[in-house]
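This report refers to the structure that appears directly beneath it.
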Amino acid sequence: MTTLLDVRNLTFHYADRAGPVRAVDNMSFSLARSGFALGLVGESGSGKSSLALSIMRMLPPNVARYDGEIWLDGQDLIGMADDRFRQEIRWRKLALVPQGAQNGFNPVLRVGEQIIEPLVVRGDVNKRDARARAQELLAYVGLPSEVFTRYPHELSGGMKQRAMIAAALILQPPLVIMDEPTSALDASIQTQITNLLKRLKRDMNLSIIFITHDIALASDVCDDLAVVYAGQIVEIGSAEQVLLRPNHPYTQRLLASIPRLHTDTRPQFIPGAPPDLRRPPTGCRFHPRCPLAFDHCAQEIPPAFEPEDGQLVRCWLLGDRR
Ligand SMILES: Nc1ncnc2c1ncn2[C@@H]1O[C@H](COP(=O)(O)OP(=O)(O)OP(=O)(O)O)[C@@H](O)[C@H]1O
Ligand code: SF4
Ligand SMILES: [Mg+2]
């Protein structure tokens, strides 16, 4: 079976007056099959949204250097002409629920009109059938049918997020990237959204890239987890490997920062702040904050070591440089 999405050595910088911002640096990962969820977890500014926007070809114009490969279902997305990408890939094979999607609807148009727009524009179906399809999706994501005729400001944050998910599904893409779909929502609504994502995987065989800063939330939905730090994936593996046998000191600290029931241990926060990606630290980018750092860490970027089958970790502690 063809791998659904394969991202290889993706690297790009934003041009900035103070120098290039190294937002995505040599990132590689894949989604092996349908109905599969990968969680991309990391602190603010680590490059998660930049990665999502690059896969959707929605990056801002100030992208400077751009290298690497993105393959979707065996098709080379980077080499593909813009027209073809728009007609065959975007929304049809690959959709995005962008960060801050709750503000993503046009305030002067009814929600339903915006959901069916890609169907109508493509002329695939008539307006009545498009409307029926949207009503089905609204019901599926747990919204009443009258949402179709409502304006965005008439919906709560959680309702808008669900409506955005329905909009992403209108052309039945096999893969949807959801960028922080639960942020700015209260805890009970967050749980409803993560339950919806689990149903989408199970019932519609949908593959999901779930972007979040909350590793606990990602672990609830995802089969694989990728931990992103300062523009790089520092650890990736099955959710079980990453949660139960984390090898990267940053992953270990992210997990230690989660509050736990029935223990006396207090959550431990990671000291220091993420680096400025205009001037990232040399060698391992985590070294200024890492309690286990040793001399070599600042000198050379760690390659990906494989402590277990399928688990890749960029940390010199797994090599023989000590
Ligand atoms: N158009 C741009 N020009 C210059 N720098 C940018 C641009 N867009 C993003 N950046 C920078 O790139 C880095 C990565 O940003 P990105 O939005 O991808 O991070 P993120 O992980 O999604 O963060 P958050 O969790 O806050 O959403 C940040 O340092 C950000 O300031
Ligand atoms: S390479 Fe060194 S600094 Fe980086 S995470 Fe491993 S021990 Fe810490
Ligand atoms: Mg973001």
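Everything quoted here is computed from the prediction, not taken from an experiment. Numbering of ligands and ligand atoms starts at 1, following listing order. Note that these values count all heavy atoms, side chains included, but never hydrogens, waters or copies made by symmetry.
- The pair Arg278-Asp16 meets the salt-bridge criterion, since a charged nitrogen lies less than 4.0 angstrom from a carboxylate oxygen.
- Heavy atoms from other residues, nucleotides or ligands lying under 6.0 Å from CG of Asp276 number more than 12.
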Quiz prompt | Evaluation steps, side chain to side chain contact (heavy atoms under 4.5 Å, CB included), between Val228 and Val234 | solution = CA-CA 6 Å; Val228 184; Val234 294; over 6 Å; no

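- Put simply, the side chain of Gln252 never gets that close to the backbone of Ala256: no donor and acceptor are under 3.5 Å apart.
- Qualifying side-chain hydrogen bond (donor to acceptor under 3.5 Å, both in side chains) partners for His213, counting only residues two or more places apart in sequence or in other chains: Glu180.
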Quiz prompt | Stepwise side chain to side chain contact (heavy atoms under 4.5 Å, CB included) test for His287 and Gln299 | solution = CA-CA 10 Å; His287 85 256; Gln299 290 161 19; over 6 Å; no

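- For the pair Arg131 and Asp129, the salt-bridge criterion is not met [side-chain N within less than 4.0 Å of a carboxylate O].
- Every atom of ligand 2 is numbered from 1 in the order shown, and the set under 4.0 Å from a heavy atom of His248 is 5 (S).
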Please tabulate protein-ligand N/O pairs under 3.5 Å for ligand 1, atom names and distances to 0.1 Å.
| residue | atom | partner | partner atom | Å |
| --- | --- | --- | --- | --- |
| ligand 1 | 1 (N) | Asn62 | OD1 | 3.3 |
| ligand 1 | 3 (N) | Asn62 | ND2 | 2.9 |
| ligand 1 | 18 (O) | Ser50 | N | 2.9 |
| ligand 1 | 18 (O) | Ser50 | OG | 2.5 |
| ligand 1 | 19 (O) | Gly47 | N | 3.3 |
| ligand 1 | 21 (O) | Ser46 | N | 3.1 |
| ligand 1 | 21 (O) | Ser46 | OG | 3.4 |
| ligand 1 | 21 (O) | Gly47 | N | 3.0 |
| ligand 1 | 21 (O) | Lys48 | N | 3.0 |
| ligand 1 | 21 (O) | Lys48 | NZ | 2.8 |
| ligand 1 | 22 (O) | Ser49 | N | 2.9 |
| ligand 1 | 22 (O) | Ser49 | OG | 2.8 |
| ligand 1 | 23 (O) | Gly45 | N | 2.7 |
| ligand 1 | 25 (O) | Lys48 | NZ | 2.8 |
| ligand 1 | 26 (O) | Ser44 | OG | 2.5 |
| ligand 1 | 27 (O) | Gln99 | OE1 | 2.9 |
| ligand 1 | 27 (O) | Gln99 | NE2 | 2.8 |

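- Each protein N, O or S atom less than 2.8 Å from the Mg ion (ligand 3) was counted, giving 2.
- In summary, of the residues considered (Ile209, Leu175, Leu53), a side chain to side chain contact (heavy atoms under 4.5 Å, CB included) with Leu96 occurs for Leu53 alone.
- Other residues, nucleotides and ligands contribute at most 12 non-hydrogen atoms within 6.0 Å of the CG atom of Asp309.
- Contact check on Arg110 versus Glu113 returns no salt bridge, with no Lys/Arg side-chain nitrogen under 4.0 Å from an Asp/Glu carboxylate oxygen.
- Between Asp25 and Arg22 there is no salt bridge, since no side-chain nitrogen of the basic residue lies less than 4.0 Å from a carboxylate oxygen of the acidic one.
- For the pair Arg199 and Tyr140, the cation-pi criterion (under 6.0 Å, within 45° of the ring axis) is fulfilled.
- Around atom 2 (Fe) of ligand 2, the protein N, O or S atoms closer than 2.8 Å are Cys297 SG, listed by chain and residue number.
- With hydrogens and angles disregarded, a donor-acceptor distance shorter than 3.5 Å links the side chain of Gln190 to the backbone of Thr182.
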